[in-house]
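Letters go in sequence order (proteins before strands), and every chain restarts at 1.
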Amino acid sequence: MYNPSDKNSILAFAQQLQSQRLRNCIDVSAMAKVYRGKGNFGQLLEKYYFGYDLNSASEPDFAQAGLELKTAPLKVLKTKAYRSKERLVLNLINYVEIVDEVFETSSFIQKNAHILLVFYEHQPEVNALDLQIKLVGDWRFPPADLEVIRQDWSSIVQKIKAGKAHELSEGDTFYLAACTKGANANSLRRQPHSAQPAMQRAFSLKQGYVNHIIANLAGDAKPNYGKLLVAAPEIQSESIEAVVLRKLRPYCGKSIAQLTAEAGVALNDKAKNFTANLTNLLLGVELDKQIEEFEKAEITVKTVRLSESNLPKESMSFPHFKYEEIAQIQWEDSEFKQRLERKFLVVFLKYIAGELYFDKAVFWNMEPQHLLEAQRVWLATQALVRAGTIVTAIKNGRRFTAFPTKQFSAVAHVRPHARNAADVFPLPVPDVLTGLQAYTKHCFWLNNHFIRDAIYLKSQRATVIDLFS
DNA sequence: GCATGATCATGC
DNA sequence: GCATGATCATGC
């Protein structure tokens, strides 16, 4: 067994799980009946491998050693590389108590300063006893990461102090997020500075950050990342947001032609990596490298081209959805929702007399009421696909559909996104009017007017670089 | 002029 | 071959 007050002893005992299945590591005959049929992997591991009773106390699982045990699923890619299946959910946020905490002694730090991680392969149909354990290891946040997390923690607490716990969202922060936790939207809690009940939430590490942990535990060769934050955190505690905006500020108002000429590089503005290349160029990161902090924080970088009236020339597209999938899944599991919950860095370029200029860059994440509106669009789309009533008319070879349009919602709409009309996905229900069993690929788009109003115009002066201010 | 439908260009 | 970012075309 192990010595519960000795970290190394616990870690060594845990390491024996590497590449095993739980069934081979515990006495199955001693298991309670309820667990023999099915049980949660984490519960089984705690109770029958480590031999302690389940608790949800505020102290870490191995209290004497200050070690918190976390189990989590990962996916194995075709390349055999590991990726986290989801965010890693940590301790619950107590809205009432947290407003009196300081980070260094907070319940978050007390519980999660040192984490013992057991990753198993996600296999939905497999008994928990037979899941393959892929990675075992312990994790402490490196100082630079801890500084970002401290800022994330503070901005979450700030929002609660402002009586806005009901407006918390995952996109608010970078590595550490407040994710919803509870069976449904009825899991409401009281918050200290507002009468409005708020969804129960827990601290969580973003999926991108968990991928970083996984790569470290797996001993993967360090990806060839570019980094934004180079100074040691004790010297520099500037936020990721502040660093990015500070680096971009000098370029505002310059034309893309001038910027690329000064840097001595040629960027093809039609290339699909134009956005990434331009961002790297302006942030001083080598062009072919991914930005480590952006990967960890799952930041989506988008460029938006504005007309002289500040209206984006196009709406913003998202990956096309599969009709068979959208008919089956829930909004909560949809890719569209997952993407909308991320943080965005939107780079606005503006056409002036035919020439493209760098206007401003804005960090943005969607407000809860807009996410609800996106949900309405998604649900209308799902209903349509389920009913098989996509096509409403055909005129001159052009199809007219009942997909949600910009008239339907001020936030999002559905439009084709395909090579051509023959580029299709199968339908779960044949289209009633045409009998088609497959239909041109479509995707969700954020309306260009929404981008103008909710991102471009609404962005606060403090967080933007405004060419014309 | 703009919304909706349709397709192009690129890179992995 | 296909996803993705980007843009064009038609008709009201």
Side-chain angles (χ1 to χ4, degrees), chain A residues 77-79 81 223-224 256 265-281 287-290 294 298-326 335-336 338-340 342 344-351 354-356 358 377 380-381 384-385 389-426 431 433-434 436 438-453 455:
Chain A
L77 305 185
K78 281 175 190 154
T79 60
N224 194 17
I256 301 305
V265 295
L267 291 187
N268 177 357
D269 71 356
K270 285 185 164 53
K272 56 191 262 183
N273 57 9
F274 170 70
T275 300
N277 282 340
L278 178 67
T279 311
N280 282 23
L281 183 72
L287 293 198
D288 53 344
K289 291 186 175 177
Q290 293 184 307
F294 284 10
E298 297 187 293
I299 289 170
T300 303
V301 183
K302 295 270 192 184
T303 49
V304 170
R305 288 161 166 80
L306 301 169
S307 65
E308 291 194 33
S309 69
N310 291 338
L311 184 69
K313 292 181 92 76
E314 302 292 340
S315 295
M316 184 184 287
S317 70
F318 285 76
H320 38 224
F321 55 83
K322 293 191 166 71
Y323 301 109
E324 289 171 321
E325 188 178 288
I326 200 171
E335 183 176 2
F336 189 42
Q338 282 181 28
R339 288 184 180 260
L340 291 180
R342 292 182 190 173
F344 290 75
L345 174 63
V346 187
V347 178
F348 287 99
L349 308 179
K350 187 160 177 168
Y351 284 102
E355 174 100 31
L356 199 55
F358 173 55
V377 173
T381 306
L384 198 63
V385 172
T389 51
I390 294 175
V391 182
T392 54
I394 301 178
K395 257 188 257 174
N396 300 333
R398 284 168 80 84
R399 295 177 185 145
F400 292 82
T401 73
F403 281 120
T405 63
K406 287 175 73 175
Q407 317 305 316
F408 180 85
S409 167
V411 171
H413 65 277
V414 171
R415 275 199 358 247
H417 196 188
R419 292 175 62 77
N420 52 48
D423 187 15
V424 297
F425 278 138
D431 185 63
L433 185 70
T434 60
L436 288 169
Y439 202 73
T440 313
K441 293 174 184 173
H442 276 59
C443 77
F444 292 98
W445 301 69
L446 286 184
N447 299 356
N448 56 344
H449 286 82
F450 175 73
I451 294 167
R452 182 191 64 188
D453 298 342
I455 308 180

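- Spacing between atom NZ of A/K406 and atom C1' of C/dC12 amounts to 15 Å, rounded to whole angstrom units.
- No engagement by A/H413 is indicated, since no non-hydrogen atom pair under 4.0 Å with the nucleic acid exists.
- Under the rule for a side chain to side chain contact (heavy atoms under 4.5 Å, CB included), the partners of A/F408 that lie at least two apart in sequence or sit in another chain are A/R376, A/V377, A/A380, A/P404, A/T405.
- For A/N447 and B/dC2, the CG to P distance is 14 Å, given to the nearest whole Å.
- In this structure, CZ of A/R305 is placed 12 Å from P of C/dG5, rounded to the nearest angstrom.
- Scanning for salt bridge (charged side-chain N to carboxylate O under 4.0 Å, His left out) contacts around A/D288 gives an empty result, with sequence neighbours left out.
- Note: CZ (A/R339) to P (C/dG5) measures 8 Å, nearest angstrom.
- Annotation: side-chain hydrogen bond (donor to acceptor under 3.5 Å, both in side chains) contacts of A/T303 (sequence neighbours excluded): A/T275.
- A sub-4.0 Å separation between OP1 or OP2 of B/dA3 and a side-chain N or O of A/T405 is absent.
- Separating the NE2 atom of A/H449 from the P atom of B/dG1 is a distance of 14 Å, rounded to the nearest angstrom.
- Contacts of A/K289 classified as salt bridge (charged side-chain N to carboxylate O under 4.0 Å, His left out), with partners at least two apart in sequence or in another chain: A/E286.
- Distance, A/I394 CD1 to C/dG11 P: 15 Å, rounded to whole Å.
- Cation-pi geometry between A/K395 and A/F400 is met: the NZ or CZ atom falls under 6.0 Å from the ring centre, inside 45° of the normal.
- Going from atom CD of A/E308 over to atom C1' of B/dG1 covers 16 Å, rounded to whole Å.
- At whole-Å resolution of the value, NE2 in A/H320 and P in C/dG1 are 16 Å apart.
- Listed by chain and residue number, nothing satisfies the side-chain hydrogen bond (donor to acceptor under 3.5 Å, both in side chains) test with A/H417 (two or more places apart in sequence, or in another chain).
- OP1 and OP2 of C/dT4 both lie 4.0 Å or more from every side-chain N or O belonging to A/S317.
- Classification of the A/H442-A/Y439 ring pair by plane angle, with boundaries at 30° and 60°, yields tilted.
- Within the nucleic acid shown, A/F403 has no heavy atom closer than 4.0 Å to any nucleic acid atom.
- In this model, the phosphate group of B/dT4 is approached by a side-chain N or O of A/Q407 to a distance below 4.0 Å at OP1 or OP2.
- Sorted by residue number, the members of residues 266-279 of chain A with any non-hydrogen atom under 4.0 Å from DNA chain C read A/K272, A/T275.
- Toward the 5' end of DNA chain C, the nearer of the two residues A/T303 and A/K395, judged by each one's closest nucleotide, is A/T303.
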Show me the protein contacts with nucleotides 6-8 of chain B, counting only N or O atoms at under 3.5 Å.
from	atom 1	to	atom 2	distance (Å)
B/dA6	OP1	A/R399	N	3.4
B/dT7	OP2	A/A421	N	2.6
B/dC8	N4	A/A418	O	3.4

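- Considering only residues two or more places apart in sequence or on other chains, A/K322 meets the side-chain hydrogen bond (donor to acceptor under 3.5 Å, both in side chains) condition with none of them.
- Under the side chain to side chain contact (heavy atoms under 4.5 Å, CB included) criterion, A/N273 pairs with A/A271, A/N277, sequence neighbours left out.
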